[in-house]
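Here the structure is laid out as structure tokens; the discussion comes afterwards.
Since we're looking at a predicted model, the values are computed, not measured. Atoms considered below: every heavy atom in the structure, side chains included; atoms not considered: hydrogens, waters and symmetry mates. Here is the naming used below: chain letters follow the sequence lines, and residue numbers restart at 1 for every chain.
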Number of protein chains: 2
Amino acid sequence: MLTRKEEDYLETIYRLSQELESVGISDIARERGVTLPTVFSAVSRLKANGMISQTPYGKISLNPKGQKMAEEIYESHRVLRKFLQEVLGLSSEMAEENACRMEHGLNREAVRRLKLFIDMVQNCLSKENSCMEEFQGKART
Amino acid sequence: MLTRKEEDYLETIYRLSQELESVGISDIARERGVTLPTVFSAVSRLKANGMISQTPYGKISLNPKGQKMAEEIYESHRVLRKFLQEVLGLSSEMAEENACRMEHGLNREAVRRLKLFIDMVQNCLSKENSCMEEFQGKART
DNA sequence: TGATAATATTAGACGATTCTAACTTTGTCA
DNA sequence: TGACAAAGTTAGAATCGTCTAATATTATCA
């Protein structure tokens with residue numbers, strides 16, 4: 001099982017892989033605001049866990065195992081962020097911060113239900129019902 | 001600033017203080033499933049931070065600073081747990097587990113909004129609206 | 001091509017969090 | 001009261017996650 005931090009690095013690698021043509025240790029360090037040796041040691045542990053591969057002095061890629069795990073973590077992140085921002089009405093920045101800190105805490109079943117719940121609120125509630133407006137008024141106070 | 005683990009121990013001390021007439025290192029160790037020296041070192045750090053006091057070979061009590069902080073953490077825990085159980089419909093055990101892992105991630109503003117949101121769902125939605133029933137049907141699948 | 005910049009790696013340190021093993025203090029009850 | 005049990009403490013080790021400083025490799029460009 002991965003530690004929280006290892007999951008964080010895995011998720012960062014996943015996100016950078018989607019933005020950049022290749023991901024190196026320095027990309028991760030820049031993104032996370034830590035030093036190169038810190039990333040090097042985290043990456044070493046992820047390699048030892050079989051989550052990622054890296055060519056010597058070279059680029060990092062997700063193994064299938066790591067890809068799957070990163071997708072799950074990122075899914076939790078997205079769902080939480082959406083809930084915090086679109087349902088609770090937090091600012092984009094605050095929703096992101098809170099989602100980052102909570103993302104490792106939700107299990108699959110909770111994510112599944114939260115997703116369904118957001119859909120319900122957005123499809124059903126917002127329209128025909130004054131509750132959300134009232135809530136948003138109070139929340140803004 | 002406290003680490004996550006330090007916050008966990010502080011919360012445990014807070015909860016045990018409400019259940020027991022006095023709280024010792026062995027009570028905390030039993031509750032958390034760790035050894036006595038582990039608790040001893042955590043308690044030492046909390047003492048160094050001014051969060052708690054302890055008589056030599058004796059009992060532990062929360063200082064005002066620690067009491068305030070523990071109450072905040074426990075509030076996050078309760079609100080999250082309530083949301084997971086009463087709104088999303090997770091089992092009591094699963095709600096508790098998820099709340100434990102997420103409680104350090106929510107800031108005050110998010111807790112405030114989540115509380116208001118739960119009230120809204122329970123006071124307004126449940127009654128006159130079929131959305132919640134529909135959601136609960138899907139969620140149970 | 002060769003100097004310099006960028007990147008990756010290694011070495012060594014430190015605090016946090018955990019453990020086991022040994023020891024000390026306190027509490028209990030025969 | 002004195003022995004044993006329970007609780008607290010100390011010592012020492014391991015791992016994680018971070019750092020700085022030094023070193024090695026790769027890339028770039030004059």
Side-chain angles (χ1 to χ4, degrees), chain A residues 1-14 16-17 19-63 66 69-70 73 100-101 103-105, chain B residues 1-14 16-17 19-63 66 69-70 73 100-101 103-105:
Chain A
M1 205 43 22
L2 298 185
T3 65
R4 258 196 189 79
K5 287 293 181 183
E6 283 166 353
E7 288 190 359
D8 282 335
Y9 282 105
L10 194 61
E11 192 197 355
T12 299
I13 292 167
Y14 173 78
L16 289 174
S17 297
E19 293 170 27
L20 309 173
E21 42 340 301
S22 74
V23 177
I25 289 209
S26 56
D27 299 311
I28 303 169
R30 238 188 317 274
E31 177 73 13
R32 299 294 308 272
V34 297
T35 61
L36 293 178
T38 296
V39 175
F40 184 82
S41 92
V43 161
S44 300
R45 288 195 301 276
L46 287 171
K47 281 193 286 189
N49 272 318
M51 295 290 168
I52 62 177
S53 299
Q54 184 197 24
T55 60
Y57 285 90
K59 300 310 174 185
I60 292 159
S61 59
L62 290 160
N63 294 341
M69 176 138 252
I73 299 164
C100 275
R101 291 194 305 263
E103 65 190 359
H104 308 296
Chain B
M1 206 43 21
L2 298 186
T3 65
R4 255 196 189 80
K5 286 294 182 181
E6 283 166 352
E7 288 190 359
D8 282 335
Y9 282 107
L10 194 60
E11 192 197 355
T12 299
I13 292 167
Y14 173 78
L16 289 174
S17 297
E19 291 171 28
L20 308 175
E21 42 340 300
S22 75
V23 177
I25 290 209
S26 56
D27 298 312
I28 303 169
R30 235 188 319 275
E31 179 72 13
R32 300 294 307 273
V34 297
T35 61
L36 293 178
T38 297
V39 175
F40 184 82
S41 95
V43 160
S44 300
R45 289 194 302 276
L46 287 171
K47 282 193 284 189
N49 273 318
M51 295 290 168
I52 62 176
S53 298
Q54 184 196 24
T55 58
Y57 285 91
K59 299 311 171 184
I60 292 159
S61 59
L62 290 159
N63 294 341
M69 176 138 253
I73 299 162
C100 274
R101 290 192 307 261
E103 65 189 0
H104 307 295

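- Between A:Glu6 atom CD and D:dT18 atom P there is a gap of 10 Å when expressed in whole angstrom units.
- Looking at heavy-atom distances under 4.0 Å, B:Val39 makes no contact with the nucleic acid at all.
- The shortest distance between side-chain heavy atoms of A:Ile28 and A:Val34 does not fall below 4.5 Å.
- Listed nucleotides D:dT18, C:dT17, D:dA21 differ in distance to B:Thr3; the shortest reach to its side chain belongs to C:dT17.
- When the side-chain nitrogen and oxygen atoms of B:Thr35 are compared with OP1 and OP2 of C:dC19, one or more of them lie within a distance under 4.0 Å.
- Whole-Å rounding puts the B:Asp27 CG to D:dG8 P distance at 7 Å.
- Distances shown here put every side-chain N or O of A:Ser41 at or beyond 4.0 Å from the OP1 or OP2 atom of D:dC16.
- The side chain of A:Thr38 places an N or O atom within less than 4.0 Å of a non-bridging phosphate oxygen (OP1 or OP2) of D:dC19.
- For C:dA8, the OP1/OP2 oxygens have a side-chain nitrogen or oxygen of A:Ser26 closer than 4.0 Å.
- Comparing C:dC19, C:dT18, C:dT10 against the side chain of A:Pro37 picks out C:dT10 as the nearest.
- Separating the CG atom of B:Asp8 from the P atom of C:dT18 is a distance of 9 Å, rounded to the nearest angstrom.
- Residues B:Asp27 and B:Val39 are not in side-chain contact: their nearest non-hydrogen atoms beyond the backbone lie 4.5 Å or more apart.
- Separation of atoms CG (B:Asn63) and CE (B:Met69) is listed at 13.5 Å; rounding is to 0.5 Å.
- To the nearest 0.5 Å, atom CZ of residue B:Arg4 and atom CD of residue B:Glu103 are 10.0 Å apart.
- Side chains of B:Tyr9 and B:Leu2 form no contact here, defined as non-hydrogen atoms less than 4.5 Å apart.
- As rounded to whole Å, 16 Å separates atom P of D:dC16 from atom CZ of A:Arg4.
- Atom CZ of A:Phe40 and atom P of C:dG12 are 15 Å apart (whole Å).
- Applying the 4.0 Å criterion to OP1 and OP2 of D:dC16, one finds that A:Arg45 has every side-chain N and O outside that range.
- Taking 4.5 Å as the limit, some side-chain heavy atom of B:His104 sits within range of a side-chain heavy atom of B:Asp8.
- Separating the CG atom of B:Leu2 from the C1' atom of C:dT17 is a distance of 15 Å, rounded to the nearest angstrom.
- As rounded to whole Å, 11 Å separates atom P of D:dG17 from atom NE2 of A:His104.
- When the options B:Met51, B:Arg45, B:Glu11 are evaluated for a side chain to side chain contact (heavy atoms under 4.5 Å, CB included) with B:Glu6, the one that passes is B:Arg45.
- Atom CG of A:Leu10 is separated from atom C1' of D:dC16 by 17 Å (rounded to the nearest Å).
- The phosphate of D:dA7 has neither OP1 nor OP2 within less than 4.0 Å of any side-chain N or O from B:Lys59.
- Side-chain contact between A:Leu46 and A:Ile60 is absent, with no heavy atoms from C-beta onward closer than 4.5 Å.
- Nucleic acid contact class of A:Ile25 (heavy atoms, under 4.0 Å, all strands): sugar-phosphate only.
- Of the residues in residues 47-57 of chain A, A:Gln54, A:Tyr57 come within less than 4.0 Å of DNA chain C through at least one heavy atom, sorted by number.
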